[in-house]
Amino acid sequence: MAPHKDTLFRSADMSLTQLYIANEIGREVVSALGELGIMAFRDLNSETSAFQRTFTQEIRRLDNVERQLRYFQQQMEKSNIPMRSLYEFDNNLAAPSASEIDELADRSHALEQRIQSLNDSYETLKKRETELTEWRWVLREAGGFFDRARGQTEEIRQSIEEDDAPLLRDVEQHGQNGEPTGDRSFSVMNIGFVAGVIPRERIAAFERILWRTLRGNLYMNQSEIPEPIINPENNEEINKNVFVIFAHGKEIINKIRKISESLGADIYNVDENSELRRDQIQEVNTRLGDLANVLGNTKRTLDAELTQIGRSLAAWMIIIKKEKAVYQTLNRFSYDQQRKTLIAEAWCPTNSLGLIKSTLQDVNDRAGLSVPTIVNQIKTSKTPPTYVKTNKFTLGFQTIIDAYGTAKYTEVNPGLPTIVTFPFLFAVMFGDFGHGFIMTCAAVAMIYFEKPLSRGKQDELFSMAFFGRYIMLMMGIFSMYTGLIYCDAFSKELALFPSMWEVPDFKANETVEFIRKEGYTYPFGMDWRWHDTENDLLFSNSYKMKLSILLGWAHMTYSLCLSYINARHFKSPIDIFANFIPGMVFFQSIFGYLVFTIIYKWSIDWYAIGKSPPGLLNMLIYMFLQPGTVEEELYPGQAGVQVFLLLAAVVCVPIMLFLKPFYLRWEHNRARAMGYRGIGENTHVSTLDDDDEEPQGMNGNNHRQSMGSDEGGALITQDIGGGDGDEHEEFEFSEVMIHQVIHTIEFCLNCVSHTASYLRLWALSLAHQQLSIVLWSMTLANAFSFTGATGVFAIFFFFVVWFFLTIAVLVVMEGTSAMLHSLRLHWVEAMSKHFIGEGVPFEPFSFETMLEEEMAELK
Amino acid sequence: MANGWSLLIGLLFIVVFSAVSWFASPKGDNQTVWRSTLILSAWSCYLMWAITFLAQWHPLIAPKRSDLRPEFVHHEGPRFF
């Protein structure tokens, strides 16, 4: 057991464990460990494909059940049947027994068949109904055409007989006999017709094609069906038109039929005789009535069935998903044929070993097995995964860090200070009491309604804000604080204390310069008398610029110190002497000195001692350009101090450049001289050596082979040899040198550019303040100039505009931009000072995280 | 009421606050988070306050306005405390 607790300060101590599990209780053990969710199983069969593994059959069966359950879900969505929510099952994390799973599989199979047959018959019936409905429309609409056409037959006939093609007509008259729908009056004239229904959007194309292929030899009538027709296959509504086309000759009629069918029209039989047609309509109506009856019954049965399923579908889904995950994990184990045991390797936090052992003991006791499950800790030289235990408060902040990179195993976790520094730097840019208050309220509301909100469906933007609700809370609180410091609430001043400035007597339209109260400084934040003055920006820019530099210096110094803690933790004193100390001296002798002069200049009453205050910017520039000369003296002995600091900084550069590479070379040579050699250099005989150089999958490879052939006993000792695995890589001086040169150049340049980068704190807070002043003066300030009843309405109207713009622009938009800038300051400016990275994230086998990822659709 | 000594008094207050938060943080898994968050917050806030205070301690310029009307100016100004 490790002596210290797992904290957020650094990632948890991990152990590689080996489990020997009796084959009979493999499923139960893995299921219990899945509930715990603190073990990451390594794949010991990475060379076998998914189909060759031990439990492929089971997984396939479960896949099938899962598919059936998804089918039920689809059907329920299609007929709008609500599913009982996941959260109504009180015990939804209980592990199922094997017989429960079998039962469930049988049940869902039977149910699937029943639903499918019901569905099939329902769909056939529905299709029939649609057809009948369409036919009814055709009969109804076509009747109108026929009645109209009949009145015109005489004219048509005359116009035809005037035509000089009587012979042709005689010939075609014989061919017309086959057309059953033709009526006497038309058939006399040799005119046939086609009636049917076509989707409305195709009608234009249909007309054009007909016109072109038949060269205009047709007479087409159409009318729109007023109500949309529902397609039974996908429940979509389609608008359709009824058409009747009259044309001359059998060939042409056939052509029309073909064209209309190819365009998706449905052709229906219509009798030209109006009495026959009436009969047809009546028949169709009765058939429709019958169909509706049957349909209703089928639908009711189907719905009842689905409702029944819906009561427990969510629970079934969970059970199946868990079961599948269990078998997928079991597939990562290797199976010892002779001893009928499963052998697993897993990373787990060392502090949780006791919990794991007791859980396994419980499973064993419940199964009543005499063979215990053995948990074996193995020593290994493999890099353990980085596991930072979070709770719902720290999760958001840790995610910010993890988004940049996974910390190296047990290095200082920047997530811990980020809890404060991230929202604080945000607040420096977002400083406004009112806006901070709005943000705090939003965050508090999200935290208060945490449960209902997390269960509901969320859109992308909201789910992001909801995920970061605790970050927002901290940001809001700190923004209120910085708002008080800046003395801004919705761009107005907050007069908390008596001002340090007094207004002297003056005449109207005269520029007044306020007078300082003797010996009194405004105790908290900016003096509110600065608001709306002419030289407000002159003062606040100088103040905020220096504030940014000071905060940036503090943040970077803090981050640099973390690299010292890292070096101590990893026991590499060379990193302290060759990187941390010269780096710190370099940084402090330039920027620490700048900070000192800023504070020194503030603390001197320059007018009282009768000197003019020196410019700090020029001082810093001349410190480099002309060391040793000081034009405006800040304090006595300044020139000497500056020369000394400059020398100190310059001396640090070669130390950083050369000390570490040469020290490493000396150390390496000494080890060589004493006869030590790196393991990787000479041995390619044993199976142990490639552990460090090859990816994890290959490691599993070795174990697997040894397991297949050797006895299990070899396994235990297998990894012990690789305990001192740090020196496995061959020492290459040039590589180390290049690395160090890059590091040094980067560090020195970054000191300058990163300090400048913190000026964004000033720029964004200035922009935020000015924007809120503009918003106020463009909206509410105008409203106050109205009087009387208009004033009431104007104030109301402008207030609404002002309020919504405040939320949308100043809080949401400006907040997002300030947040991104704060994010950058952490990722680039702070983390570059100490963060090593290169870690492997810990991904434990956990039902909880698996369900969270997969069950989003069940919400 | 407030002068140069305020900085030191504030510093003392923050040191005491840090010490109290170190020892009074609730024990358990989250003790580190409590300690770090409280102490870092206190120092950040102190830093910000102290910088603002310093900037106004010996101001080099005084606020100027030309849009004031003598009849509306209360020479003391409004205040809450």
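Quick note on labels: first sequence line is chain A, next is B, and so on, each numbered from 1. The structure presented is a predicted model; accordingly, all values stated were derived computationally and were not measured.
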Evaluate the side-chain proximity of [Y] to [X]: yes if any heavy-atom separation is below 4.5 Å, no if none is.
X: B:T37; Y: A:M474; result: yes
X: B:K64; Y: A:N535; result: yes
X: B:P59; Y: A:W501; result: yes
X: A:Y486; Y: B:M48; result: yes
X: B:S44; Y: A:F478; result: no
X: A:I604; Y: B:H58; result: no
X: B:L60; Y: A:F539; result: no

> Backbone N or O of A:M500 within a donor-acceptor pair of the B:Q56 side chain at under 3.5 Å?
Replying inline: no
How long is the span from the [atom1] atom in [X] to the [atom2] atom in [Y], to the nearest 0.5 Å?
X: B:T32; Y: A:N413; atom1: OG1; atom2: CG; result: 11.0 Å
X: B:R35; Y: A:F9; atom1: CZ; atom2: CZ; result: 12.5 Å
X: B:W43; Y: A:F424; atom1: CH2; atom2: CZ; result: 13.0 Å
X: B:I51; Y: A:I598; atom1: CD1; atom2: CD1; result: 9.0 Å
X: B:W49; Y: A:Y481; atom1: CH2; atom2: OH; result: 8.5 Å
X: B:L54; Y: A:L547; atom1: CG; atom2: CG; result: 11.0 Å

So for atom [atom1], which belongs to [X], do other residues, nucleotides or ligands contribute more than 12 heavy atoms lying within a distance under 6.0 Å?
X: A:W606; atom1: CH2; result: yes
X: A:N509; atom1: CG; result: no
X: A:L617; atom1: CG; result: no
X: A:Y600; atom1: OH; result: yes

For [X], is it the side chain, the backbone, both or neither that has a heavy atom under 4.5 Å from a heavy atom of chain B?
X: A:A608; answer: neither
X: A:K507; answer: backbone
X: A:K389; answer: side chain
X: A:I419; answer: side chain
X: A:D605; answer: both
X: A:L484; answer: neither
X: A:P613; answer: side chain

Write down the atom of [X], the atom of [Y], and the distance for their closest heavy-atom approach.
X: A:Y558; Y: B:L40; result: OH-CD1, 3.9 Å
X: B:R65; Y: A:E534; result: C-OE2, 4.0 Å
X: B:S41; Y: A:V420; result: OG-CG2, 3.5 Å
X: A:T521; Y: B:W57; result: OG1-CD1, 3.5 Å

> Quick one: do the A:E510 and B:S66 side chains pair a donor with an acceptor below 3.5 Å?
Replying inline: no
>> My understanding is that only one of A:N391, A:T390, A:T394 makes a side-chain contact (heavy atoms from CB on, under 4.5 Å) with B:V33; could you say which?
In response: A:T394
>> What part of B:L47 gets within 4.5 angstrom of chain A, counting heavy atoms only: side chain, backbone, both, or neither?
In response: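 B:L47 touches chain A through side-chain heavy atoms alone.
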> When heavy-atom pairs shorter than 4.5 Å are enumerated against chain B, which of A:L8, A:L550, A:D532 gives the highest number?
Replying inline: A:D532
